[in-house]
Amino acid sequence: MAELFHRKLERSAIGFVLAIIAAASVGGLVEIAPLFTIDETVEEAPDMRLYTPLELAGRNIYVREGCYACHSQMIRTLQDEVERYGPYSLAVESKYDHPMLWGSKRTGPDLARVGGKYSDFWHVAHLTNPRDVVPDSNMPAYPWLARTPLRLADLPLHLKALRAAGVPYTDAMIENASVDAFDQATPESSTSSGITERYGEETQVRVFDDVATVNGGVKVGHWAAQNQAG
């Protein structure tokens with residue numbers, strides 16, 4: 001019976017078109033309908049803040065080097081994942097992410113809750129040669145990150161583009177993006193207070209690579225020193 005109906009439907013151009021429209025409408029409705037209740041289903045996170053320029057630059061490197069292909073950045077609601085990685089991921093935590101990097105593949109550990117778990121020195125060693133701190137790691141080494149100056153000049157344009165996509169960066173954030181990126185890794189800079197004024201008191205300002213040098217009487221990280229010299 002079903003085969004006969006399908007054969008008749010294929011021979012009727014109008015009927016077949018109407019059937020396609022009906023099927024597409026059902027699929028579209030299933031995808032669109034939840035958007036009408038999104039305010040009720042998406043949890044609020046009052047302590048959410050924007051990415052600082054330095055954090056955004058780091059995220060760009062994370063994307064550029066393909067790190068997202070092995071680290072999902074999404075903890076599912078499964079009990080074993082919550083027990084291992086921490087509270088499950090909320091959609092609102094990635095509302096400022098462009099592009100969204102959630103994925104289902106996880107070759108390496110999930111990174112959604114890894115912040116603060118290890119020291120800055122550990123991260124430097126891990127990126128330089130992962131097997132120095134995790135002997136059985138199959139992660140590639142990224143030694144060039146320690147000797148390659150970070151481009152700061154185009155950060156204002158990046159923030160401006162993100163604002164066009166809906167991220168609420170202010171004019172002051174955009175104007176000071178390059179300076180803020182340097183100052184976040186230079187706690188003794190005379191202008192470092194500006195980063196917390198613009199992004200909040202919870203913003204971490206410190207020598208992130210754990211290797212400090214004195215440049216002009218100001219203690220800066222190895223990364224910041226490279227950029228200052230450039």
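Heavy atoms only: backbone and side chains are in, while hydrogens, waters and symmetry mates are out.
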May I ask you to check whether over 12 heavy atoms, not counting those of Tyr51, lie within 6.0 Å of atom OH? yes
Is the shortest heavy-atom distance from the side chain of Arg49 to the side chain of Tyr96 under 4.5 Å? no
Should Leu54 and Ile195 count as side-chain neighbours, where that means a heavy-atom distance under 4.5 Å? no
Thr52 backbone acceptor or donor facing Arg198 side chain under 3.5 Å: no
Any non-hydrogen side-chain atom of Val207 less than 4.5 Å from a side-chain atom of Pro187? yes
Answer yes or no: is there a donor N or O on one side and an acceptor on the other, between the side chain of Ser89 and the main chain of Ile75, under 3.5 Å? yes
Does Ile14 CD1 have over 12 foreign heavy atoms under 6.0 Å away? no
Distance-only side-chain donor-acceptor flag, Trp102 / Ser94, under 3.5 Å: yes
Lys/Arg-Asp/Glu bridge criterion (N-O < 4.0 Å) met for Arg113, Glu93: yes
Look at the side chain of His71 and the backbone N and O of Pro109, then say whether any donor-acceptor pair between them is shorter than 3.5 Å. yes
Under 4.5 Å between any side-chain heavy atoms of Ser178 and Pro53, yes or no? no
Donor-acceptor pair, Ser25 side chain versus Ile21 backbone, under 3.5 Å? yes
Of the non-hydrogen atoms in Leu150 and Ile61, which two are nearest, and what is the gap between them? CD1-CD1, 3.9 Å
What pairs with Asp171 under salt bridge (charged side-chain N to carboxylate O under 4.0 Å, His left out), at least two apart in sequence or on another chain? Arg163
Would you call Asp110-Arg84 a salt bridge at under 4.0 Å N-O? no
